[in-house]
There are 2 protein chains.
Amino acid sequence: MPKRVDHGERRALIADALMRVAAEHGLEAVSLRHVAAEAGVSPGMVQHYFRTKDEMMTFALAVVREHSEARVTRAAAALGDHPAPRTLLRTMLVELLPLDEARRADGRVALAFLAYTAVRPSVAAALHQGTAALLDFLARQIRAAQATRPIDQRVDPDRAAVGLLAVMEGLGIYLLGGHYPAETALAALDSHLDLICGPVVDEAP
Amino acid sequence: MPKRVDHGERRALIADALMRVAAEHGLEAVSLRHVAAEAGVSPGMVQHYFRTKDEMMTFALAVVREHSEARVTRAAAALGDHPAPRTLLRTMLVELLPLDEARRADGRVALAFLAYTAVRPSVAAALHQGTAALLDFLARQIRAAQATRPIDQRVDPDRAAVGLLAVMEGLGIYLLGGHYPAETALAALDSHLDLICGPVVDEAP
DNA sequence: GCTTTTACAATGCAGCCGCAATGTAAAAGC
DNA sequence: GCTTTTACATTGCGGCTGCATTGTAAAAGC
């Protein structure tokens, strides 16, 4: 029976269990035995697929990143072929906000890993590239959204992209902490988009 | 020799050691023995002043909050009696950004506690009040800063306050992660303030 | 068919954990 | 001066940790 198992699949299964543990009790509750129990497998198996705990953590971090990437890609694809830039921006950012329990769980895990990587800079380096790519994409959409504005009302798209991503991150964190309700965060996000792109315009012909 | 010791002082001493450990190795490295060693005292003494680890953590969390509160209060006071609202806003927010090693350390600890409270909602409740007060203050300053703008260019101050605080938080996190340099964050912050308050005006008579 | 490799499971171990219990010495209160 | 209280230091215990080791059974390769 051995031999023909998909390693990546097993690792993903274990990483999923890890994320469930982390979402509920925090990363410090993540141990080989806890994760194994959550995944319904033996601790030995976890050790078989990850030689060290650190290897498992690094893999799980990558999975978290891919999760949110997949989420935003899917949401963007659902908008069809040529969505208005502002609509696309809003859709992507809202998708990353912890607005339902699934995204709250993901958010808690992401936050835990944020703190985790803050004291392990070498692990964090892999994330920089993703951030840079995202910023680049945001800046391009902002530029497109600004096309209809008078030139003197346009903000520097690169700076605006940094600000916009920061707003999303910050709103997400305050939402996770339950500091204010979802509507407050959404209203602030829309206000911010108004400032950057100009107010929404009806696009009917 | 016993009997005349300031309990609060000792607890602060221990909490400081805790924060040093947390800043360097993360909250999961915080143990009674580690903290005691960092503080240069016996583990027994730590136990004497905090009956449980949770009590110690809660106390340290409060200290973190007070630290940043004191920091921003001091920075604001240094501006004199009637600073321009926009100057006050910028000074306060910049003070909260992790721009030097001291603030980076504080930031790492704050981030760790953010993740910590995310899975312990009861502990987090105490922070909501502080956020609400800060938002209120920011909104008032934004309102004042907008006084010179044409009415149709004014943003809702309450929404703007939420967005502004979120921007600061987000920028701080990306700075801690080393995703971009300080100048990028500062430029984005200034751009954002431009959007909310209008560009800087020279105040010379 | 026999060997090798793979996929686990089980056990064990040294080290750290929070915490309780106990001991001790000095100041405070009477 | 004697008792009580306070301020620690020390020790120990049960439990959990990551990880190395060993065992076992089944498929793959020849």
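In what follows, every heavy atom counts, from backbone to side chain, and hydrogens, waters and symmetry copies are set aside. Protein chains get the first letters and strands the later ones, always in sequence-line order, with residue 1 at the start of each.
Taking the centre and axis of the six-membered ring of Y49(A), the NZ or CZ atom of R11(A) falls outside the cone set by 45° and 6.0 Å.
Summarising the base pairing, dG29(C) is matched to dC2(D) through a Watson-Crick or G-U wobble pair whose two defining distances lie under 3.5 Å. With a cut-off of 3.5 Å on both Watson-Crick or G-U wobble distances, the partner of dT22(C) is given as dA9(D).
Ion pairing between D194(B) and R86(B) holds under the 4.0 Å rule for side-chain N and carboxylate O. In summary, D106(A) and R103(A) do not engage in a salt bridge, as defined by a charged side-chain N under 4.0 Å from a carboxylate O.
Annotation: H192(B) is in aromatic contact with H192(A) [ring centroid separation under 6.0 Å].
For the OP1/OP2 pair of dA7(C) and a distance below 4.0 Å, the side-chain nitrogens and oxygens of R10(A) include no atom meeting the criterion. For dC17(C), the OP1/OP2 oxygens have a side-chain nitrogen or oxygen of H34(B) closer than 4.0 Å. Contact annotation: S42(A) does not reach the phosphate of dC8(C) (side-chain N/O to OP1 or OP2, under 4.0 Å). H7(A) has no side-chain polar atom (N or O) that falls below the 4.0 Å cut-off from OP1 or OP2 of dT6(C).
With rounding to whole Å, E28(A) atom CD is found 16 Å from dC16(D) atom P. When rounded to the nearest whole Å, the span between CE of M56(B) and P of dG18(C) equals 7 Å. For the pair L13(B) CG and dA7(D) P, the computed distance is 15 Å after rounding to whole Å. Atom CZ in R51(B) sits about 12 Å away from atom P in dC19(C), given to the nearest Å. dA25(C) atom P lies 19 Å from atom CE of M45(B), rounded to whole Å. Separating the CG atom of D6(A) from the P atom of dT6(C) is a distance of 15 Å, rounded to the nearest angstrom. As rounded to whole Å, 19 Å separates atom P of dG15(D) from atom NZ of K53(B). Taking atom CD1 on I14(A) and atom C1' on dC8(C), their separation rounds to 11 Å, with Å as the unit.
Out of dT17(D), dC8(C), dC19(C), the shortest distance to the side chain of Y49(A) is found at dC8(C). Of the candidates dA10(C), dG18(C), dC8(C), the closest approach to any side-chain atom of Q47(A) belongs to dA10(C). Closest approach to the S31(B) side chain among dG18(C), dC8(D), dT17(D) is made by dG18(C) (side chain taken as heavy atoms from C-beta onward). Closest to the side chain of L32(A), out of dC8(D), dC19(D), dA7(C), is dC19(D). Candidate nucleotides dC17(C), dC8(C), dC8(D) were compared by shortest atom distance to the side chain of R33(B), and dC17(C) ranks first.
Residue V46(B) is out of contact with every strand shown, counting any heavy-atom pair closer than 4.0 Å.
Checking side-chain atoms of R108(B) against main-chain N and O of A23(B) turns up a donor-acceptor pair under 3.5 Å.
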